[in-house]
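Right, one structure below, let's go through it.
Both ligands and their constituent atoms are indexed starting at 1 by order of listing.
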Amino acid sequence: MSEAFSPKHIVVTGGAGFIGSNFVHWVAGNVPQVHITVLDALTYAGNLENLEGVPGDRMDFVHGDICDAPLVDELFAKADACVHFAAESHNDNSITNPAPFVRTNVEGTFTLLEAARAHGTRFHHISTDEVYGDLALDDPARFTEETPYHPSSPYSSTKASSDLLVRAWHRTYGVAATISNCSNNYGPRQHIEKFIPRQITNILCGIRPKLYGDGKNVRDWIHTEDHSSAVWEVLTRGRIGETYLIGADGERSNIDVLRAILSEMGKEADDFDWVRDRPGHDRRYAIDSTKLRRELGWQPIHTDFAQGLRQTIEWYRSNQQWWQGAKEATEAKYAKQGQ
Ligand code: NAD
Ligand code: DAU
């Protein structure tokens, strides 16, 4: 096992989003004496409320864009590591308007890598299992670190592009980088455009949930807190230049997840609408996280999906002010797409 890296000051890009904010809370709660600088543009997906409760002496917030090279340079000069979450993250949005995905996910990652190269900053890149494309429903295979890249959507192709930039900056310039590719996250503070919170908030608003296509697509669900703990392991003990897949053996079809939400919220199993499928919709994702578990000894703690889902539903029920403002516009956008 490689020697542990102990950063004292990390820049977390996208730290006001869903997974980034969870990571900031996780570090503040689990690792003493690390200062966090959050760099976030506060797009529609970023929300400062997500960082409430993080002690002020552990974190400072910079409202800015990862494509702003002078700003990024200034922040990297003061930090010893960057954990890069900032991205345009939603597949459906990438299909209607891919331009911001290319800018933030590709140009933004390039800008950060240039600063990491200039300052010798340790760089951990957060990526997705979607870079590998999809698997058939009847295929026993799961993605590994050796699976060839085969992204399907504008979103996943920009994430694949950013992964390749990170690999090239490591190999050519010696940037001390690692990459992790994680499966579908769930938990509190996820934007309501995404599958699980969209259906929960639909039910809370008296709107029928919406299921794409035939509902048989499979996603490999992981609680966002387990993603955070895995990222910390890779940042501090992962081998430089390596990729680690993060997953918690949570494969489930969309219809099964929806029926679990309906049942938990006191609705009938058929209380939902079938809607137009997503163009190019990936069939199945599945992660083999053996490398992460064997090499770094990581284990998920949220292994009971039903319980995690119950807690997530409860969070959206108790935090209506967090999502209500975005609900109408989110549903209007989907209605336009026939979804
Ligand atoms: P999110 O959309 O909830 O949050 C993204 C954050 O990035 C927001 O706070 C937003 O304001 C910020 N941001 C966007 N553009 C920016 C820019 N140009 N400059 C600075 N900040 C900017 O996303 P998420 O679901 O939390 O995903 C975080 C990361 O994890 C992404 O890189 C995503 O590809 C990856 N990922 C997500 C999942 C998932 O299930 N959501 C799974 C695997 C990997
Ligand atoms: O696999 C990791 C990826 O997971 C991340 O890289 C992405 O950032 C994240 O958004 C997520 O991508 P998906 O496209 O899998 O997530 P989404 O929540 O959009 O959809 C999950 C599944 O549910 C997918 O098969 C589409 C389907 N779906 C989605 C919505 C919003 C529906 O059936 N109905 C819906 O209303």
Side-chain angles (χ1 to χ4, degrees), residues 12-23 38-48 50-51 62-68 71-72 83-95 100-101 103-105 107-109 111-112 125-132 134 143 151-153 155-156 158-159 162-163 180-187 189-199 202 209-222 224 227 231 246-247 252-255 257-258 272-278 281-287 330-331 334 337 339:
V12 175
T13 71
F18 165 48
I19 306 174
S21 65
N22 191 281
F23 179 75
V38 171
L39 170 61
D40 198 297
L42 297 179
T43 67
Y44 79 96
N47 187 342
L48 268 182
N50 291 347
L51 293 167
V62 177
H63 184 196
D65 194 318
I66 58 167
C67 298
D68 180 343
L71 173 63
V72 166
V83 185
H84 173 34
F85 291 91
E88 286 292 337
S89 69
H90 193 42
N91 275 296
D92 292 318
N93 294 345
S94 82
I95 294 167
F101 289 75
R103 182 180 180 277
T104 288
N105 300 0
E107 188 190 330
T109 303
T111 307
L112 297 169
H125 179 59
I126 303 296
S127 192
T128 168
D129 58 359
E130 296 194 15
V131 300
Y132 301 114
D134 61 353
F143 299 135
S152 316
S153 73
Y155 162 69
S156 54
T158 59
K159 291 298 289 187
S162 62
D163 289 13
S180 53
N181 297 77
C182 188
S183 60
N184 284 64
N185 284 222
Y186 76 99
R189 301 189 293 268
Q190 184 168 33
H191 194 280
I192 56 165
E193 67 191 351
K194 304 294 197 299
F195 179 55
I196 289 179
R198 183 182 183 205
Q199 314 314 334
N202 275 350
K210 312 287 181 218
L211 193 59
Y212 295 177
D214 63 7
K216 291 185 183 155
N217 304 62
V218 168
R219 296 295 183 262
D220 188 352
W221 294 98
I222 180 172
T224 187
H227 187 180
V231 167
I246 303 175
R252 275 178 179 77
S253 68
N254 291 341
I255 190 153
V257 172
L258 179 54
F272 67 89
D273 295 332
W274 298 98
V275 294
R276 189 174 79 89
D277 205 357
R278 173 184 286 171
H281 196 177
D282 280 340
R283 205 56 170 150
R284 170 176 162 253
Y285 305 139
I287 290 268
T330 304
E331 288 309 309
Y334 277 123
Q337 294 164 199
Q339 293 176 318

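- No donor-acceptor distance shorter than 3.5 angstrom exists from the side chain of N105 to the backbone of A87, with no hydrogens or angles considered.
- Of the polar atoms of W221, none of the N or O atoms is found under 3.5 Å from an N or O of ligand 2, judged by distance alone.
- Under a cutoff of 6.0 Å and an axis angle of 45°, R198 and Y334 form a cation-pi pair.
- Without hydrogens or angle criteria, D220 side chain to I287 main chain gives a donor-acceptor distance under 3.5 Å.
- Close approach to H90 involves these atoms of ligand 2, each under 4.0 Å from a residue heavy atom: 19 (O).
- When only interatomic distances are considered, the shortest N/O to N/O separation between D282 and ligand 2 does not fall below 3.5 Å.
- With ligand atoms numbered from 1 in the order given, ligand 2 contributes 34 (N), 35 (C), 36 (O) to contacts under 4.0 Å with heavy atoms of Q199.
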Distance dump, ligand 1 polar atoms to protein, N/O, under 3.5 Å:
unit_1   : atom_1 : unit_2 : atom_2 : d
ligand 1 : 2 (O)  : S89    : OG     : 2.7
ligand 1 : 3 (O)  : F18    : N      : 3.1
ligand 1 : 9 (O)  : G17    : N      : 3.0
ligand 1 : 9 (O)  : D40    : OD1    : 3.2
ligand 1 : 9 (O)  : D40    : OD2    : 2.6
ligand 1 : 11 (O) : D40    : OD1    : 2.6
ligand 1 : 11 (O) : L42    : N      : 3.4
ligand 1 : 11 (O) : T43    : N      : 3.0
ligand 1 : 11 (O) : T43    : OG1    : 3.1
ligand 1 : 18 (N) : D65    : OD1    : 3.1
ligand 1 : 18 (N) : T104   : OG1    : 3.1
ligand 1 : 19 (N) : I66    : N      : 3.0
ligand 1 : 21 (N) : A41    : N      : 3.1
ligand 1 : 23 (O) : S89    : OG     : 3.3
ligand 1 : 26 (O) : F18    : N      : 3.4
ligand 1 : 26 (O) : I19    : N      : 2.8
ligand 1 : 32 (O) : F85    : O      : 2.9
ligand 1 : 32 (O) : K159   : NZ     : 2.7
ligand 1 : 34 (O) : Y155   : OH     : 2.6
ligand 1 : 34 (O) : K159   : NZ     : 3.1
ligand 1 : 40 (O) : N185   : N      : 2.9

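- Taking any N or O of H281, backbone or side chain, at least one lies under 3.5 Å from an N or O belonging to ligand 2.
- Residue-to-ligand polar distances place R198 within reach of ligand 2: an N/O pair is separated by less than 3.5 Å.
- Side-chain contact of N93 with E193: a donor-acceptor pair under 3.5 Å is present, judged by distance alone.
- Which parts of ligand 2 touch N254 is read off a 4.0 Å heavy-atom cut-off, strictly below it: atoms 22 (C), 23 (O), 24 (C), 25 (O), 27 (C).
- In this structure, H84 and I126 have side chains that are not in contact, with every pair of non-hydrogen atoms separated by 4.5 Å or more.
- To the nearest 0.5 Å, the span separating CG on L42 from CG on L48 amounts to 5.0 Å.
- Residue contacts with ligand 2, taken as heavy atom pairs separated by less than 4.0 Å, involve L211 via backbone and side-chain atoms alike.
- Interface of E193 with ligand 2, defined as ligand atoms under 4.0 Å from a residue heavy atom, comprises 31 (C).
- Under a 4.0 Å criterion applied to the non-hydrogen atoms of T128, ligand 2 contributes the atoms 1 (O), 2 (C), 3 (C), 5 (C), 6 (O).
- Using the six-membered ring where Trp is involved, Y212 and H281 have ring planes that are perpendicular, over 60° apart on the 30 and 60° scheme.
- Ranking protein heavy atoms by distance to atom 33 (O) of ligand 2, first place goes to Y212 N, 2.9 Å.
- For K194, heavy-atom contacts with ligand 2 shorter than 4.0 Å involve the backbone as well as the side chain.
- Atom OG in S180 sits 9.0 Å away from atom CG in D163 (nearest 0.5 Å).
- The shortest side-chain heavy-atom distance between L211 and Q199 does not fall under the 4.5 Å cut-off.
- Polar contact check, Y285 against ligand 2: no nitrogen or oxygen pair lies under 3.5 Å apart.
- Closest protein heavy atom to atom 9 (C) of ligand 2: S89 O, 4.0 Å.
- Ligand 2 has an N or O atom lying under 3.5 Å from an N or O atom of F195, backbone or side chain.
- For N22 and H227, the side-chain atoms include no donor-acceptor pair closer than 3.5 Å.
- Close approach of ligand 2 to Y334 is summarised as follows: ligand atoms under 4.0 Å from at least one heavy atom of the residue are 31 (C).
- When each atom of ligand 2 is checked for a heavy atom of Y155 under 4.0 Å away, the hits are 5 (C), 6 (O), 7 (C), 8 (O).
- Below 4.0 Å from some heavy atom of N91 lie the following atoms of ligand 2, by number and element: 12 (O), 13 (P), 14 (O).
- Residue K159 places every heavy atom at 4.0 Å or more from ligand 2.
- Looking only at side-chain heavy atoms (C-beta outward), F195 and L258 come within less than 4.5 Å of each other.
- Within the structure, the closest approach of Q339 to ligand 2 does not fall below 4.0 Å when heavy atoms are considered.
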